[in-house]
Amino acid sequence: MQLSDEDIAMIGDSLQHICRDLAEDLFARPEQTCEPDRFRAVLDLFVDQGFVNTSSDDGCGLWEGCEQAPQLALTLRNLTTIARVSASLALSLHRSALALHLLKQLGEAAPERAHPCVSLHGRHGIGRGELANWWCGQAVDEAMLRDAFDPGRVCAGLMHGQAHLLLAPVFAQGTLAWQILQGEVHGITPGHGLDELHDGEFVPRQARIVSLPAEQAKALSRDIWHREWLGLLAIQQGCVQQMTEMAHQFSALRFQGGRVIAGHPAVQNMLADMQAALTDVRTVLAGQRLNESGFADVLRARNRLHEGLALAANVAMQTFGGLGYMRDNGIEKRWRDVNHLRLQSGGPLEMQLMSANWASISGANAGAGA
């Protein structure tokens with residue numbers, strides 16, 4: 001489904017109105033955790049408005065039609081807009097839409113109001129290096145991949161408590177397949193950030209595995225990871241945008257040394273550093289395409305971009321001085337959200353391992369070509 005410029009503008013305006021209302025009502029106090037029932041009501045709202053499309057018909061929701069550059073840009077922009085209101089909400093909608101996209105690619109129907117979720121982290125991070133080898137058709141340690149993506153593992157991690165359908169990768173018979181679990185989230189405990197989600201364990205009532213031919217499985221799994229990483233960057237960008245705006249507002253009001261701190265060179269440098277990190281991410285996301293070249297770019301740049309945004313979040317807190325560490329100001333919660341997002345679906349060390357294997361493979365192929 002090809003969207004016109006007018007369609008894209010209309011969708012963006014509609015989302016802006018929804019987010020403004022949420023920011024003025026339910027999320028007016030960002031330091032407070034949204035109650036589960038009200039959080040689910042917001043998830044339902046975005047489904048009702050078509051931003052998460054649960055039907056089998058083509059629509060214009062998140063991650064739909066993103067093989068086209070305008071739709072991809074729209075999805076990333078929408079995730080950034082939602083994250084300015086709530087990172088937990090943006091991450092929940094992102095992963096629900098990603099799970100629905102995956103179900104369609106697998107030829108599976110999505111139950112209505114199931115609020116599906118996808119969990120990509122596996123059992124441990126060392127398997128990501130072997131995953132990169134497998135994607136490129138190189139020799140792999142299949143025992144390690146089977147262990148990392150074992151269908152019998154406990155599916156635990158960051159997810160919203162309203163999820164009743166979970167998709168997780170499993171490695172069996174030399175290929176990556178997908179386990180579809182129906183159940184519910186148990187054992188929710190507070191985490192480091194993204195307080196509306198926390199860390200929970202998905203307890204399945206039913207489970208089955210859907211497999212695809214090897215090459216199709218490689219292409220689909222790489223596409224899913226690619227979309228996940230892009231979504232995380234867009235959400236983290238939205239958080240830092242909001243923190244930067246809060247820092248600008250505070251520095252224009254706070255007096256020190258007889259003048260507002262926005263006039264101090266140190267604060268001006270801090271505000272410039274925040275903007276530089278946002279510009280770096282915006283530039284990379286603007287040139288993204290869902291192809292092998294785009295995947296390689298994000299794989300190489302993801303650590304640098306997340307690190308830059310995390311540093312920008314630290315700087316935003318520093319503009320508040322000691323007040324930045326107080327929960328009542330709201331910026332403390334956003335700081336925790338930003339730092340938690342950079343650990344999702346591959347932390348810094350795991351991404352280094354995957355990127356190193358991918359780079360060595362690319363270098364070997366280039367040498368062979370020469």
Side-chain angles (χ1 to χ4, degrees), residues 1-3 11 39-68 71-72 74-75 78-79 89-121 149 151-153 155 157 159-173 175-186 197 200-228 230-231 290 345:
M1 180 179 179
Q2 181 71 43
L3 297 179
I11 293 169
F39 192 77
R40 178 175 184 124
V42 178
L43 294 178
D44 289 339
L45 171 65
F46 278 90
V47 172
D48 292 338
Q49 294 295 320
F51 288 99
V52 177
N53 183 14
T54 59
S55 73
S56 58
D57 299 329
D58 291 337
C60 50
L62 298 172
W63 295 119
E64 287 194 277
C66 288
E67 296 75 16
Q68 304 292 328
Q71 276 96 318
L72 176 59
L74 176 64
T75 285
N78 286 348
L79 287 173
L89 176 61
L91 185 61
S92 297
L93 295 171
H94 155 64
R95 285 187 169 163
S96 286
L98 191 59
L100 290 166
H101 168 75
L102 177 55
L103 285 170
K104 288 181 180 179
Q105 300 307 305
L106 295 173
E108 298 286 327
E112 290 190 8
R113 303 297 184 186
H115 292 296
C117 190
V118 62
S119 175
L120 301 179
H121 55 74
F149 300 106
R153 76 182 188 274
C155 287
M159 62 187 79
H160 54 274
Q162 295 77 19
H164 297 295
L165 187 71
L166 181 69
L167 285 87
V170 297
F171 196 85
Q173 298 180 345
T175 190
L176 200 71
W178 294 93
Q179 187 169 215
I180 302 176
L181 307 166
Q182 295 185 19
E184 55 190 14
V185 181
H186 285 186
L197 306 184
E201 175 184 336
F202 193 87
V203 179
R205 293 189 303 270
Q206 299 178 8
R208 58 192 178 89
I209 295 176
V210 179
S211 301
L212 295 172
E215 290 306 313
Q216 189 177 349
K218 287 181 183 179
L220 177 59
S221 59
R222 195 165 62 192
D223 175 72
I224 294 299
W225 259 274
H226 191 180
R227 293 173 191 245
E228 165 77 345
L230 289 177
L290 291 177
S345 292

Trainee: From Leu220 CG over to Leu102 CG, what is the distance, rounded to the nearest 0.5 angstrom?
Mentor: 5.5 Å

Trainee: If you measure from CE on Met159 to CG on Leu91, what distance do you get to the nearest 0.5 Å?
Mentor: 11.0 Å

Trainee: List the steps, then state whether side chain to side chain contact (heavy atoms under 4.5 Å, CB included) holds for Ile11 with Phe51.
Mentor: CA-CA 9 Å; Ile11 293 169; Phe51 288 99; 3.8 Å; yes

Trainee: With the side chain counted from C-beta on, respond yes when Phe46 and Ser92 share a heavy-atom pair under 4.5 Å apart, and no when they do not.
Mentor: no

Trainee: What's the spacing between Trp63 CH2 and Leu74 CG if we round to 0.5 Å?
Mentor: 11.0 Å

Trainee: Is the closest side-chain heavy-atom distance between Leu43 and Leu89 below 4.5 Å?
Mentor: yes

Trainee: Using a 4.5 Å cut-off on heavy atoms from C-beta on, say whether the side chain of Leu106 contacts that of Leu167.
Mentor: yes

Trainee: Please tell me if the side chains of His94 and Thr75 come closer than 4.5 Å, counting only heavy atoms from C-beta onward.
Mentor: no

Trainee: Hey, which of Leu103, Leu181, Leu100 is the one that makes side-chain contact (heavy atoms from CB on, under 4.5 Å) with Leu165?
Mentor: Leu103

Trainee: Apply salt bridge (charged side-chain N to carboxylate O under 4.0 Å, His left out) to the pair Arg227 and Glu67, showing each step before the final yes or no.
Mentor: CA-CA 11 Å; Arg227 293 173 191 245; Glu67 296 75 16; 3.0 Å; yes

Trainee: Which heavy atom of Ser119 sits nearest a heavy atom of Arg153, and at what distance?
Mentor: O-NH2, 4.3 Å

Trainee: Please report the closest heavy-atom contact between Thr175 and Leu212, naming both atoms and the distance.
Mentor: OG1-O, 4.4 Å

Trainee: Evaluate the side-chain proximity of Ser345 to Arg95: yes if any heavy-atom separation is below 4.5 Å, no if none is.
Mentor: yes

Trainee: Rounded to the nearest 0.5 Å, how far does CD1 of Ile180 lie from CD of Glu108?
Mentor: 4.0 Å

Trainee: Could you pull out the closest heavy-atom pair between Val52 and Ser96, with the gap in Å?
Mentor: CG1-CB, 4.4 Å

Trainee: Which atom names give the shortest non-hydrogen contact between Ile209 and Ala177, and what distance separates them?
Mentor: CG2-CB, 3.7 Å

Trainee: Would you call the rings of His160 and His115 parallel, tilted or perpendicular, taking 30° and 60° as the class edges?
Mentor: perpendicular

Trainee: Would you call Cys117 and Phe202 a side-chain contact if the rule is heavy atoms closer than 4.5 Å?
Mentor: no

Trainee: Does Asp223 reach the side chain of Gln105, with side-chain heavy atoms less than 4.5 Å apart?
Mentor: no

Trainee: Kindly give the heavy-atom pair with the smallest separation between Asp57 and Lys104, and that separation in Å.
Mentor: O-NZ, 3.9 Å

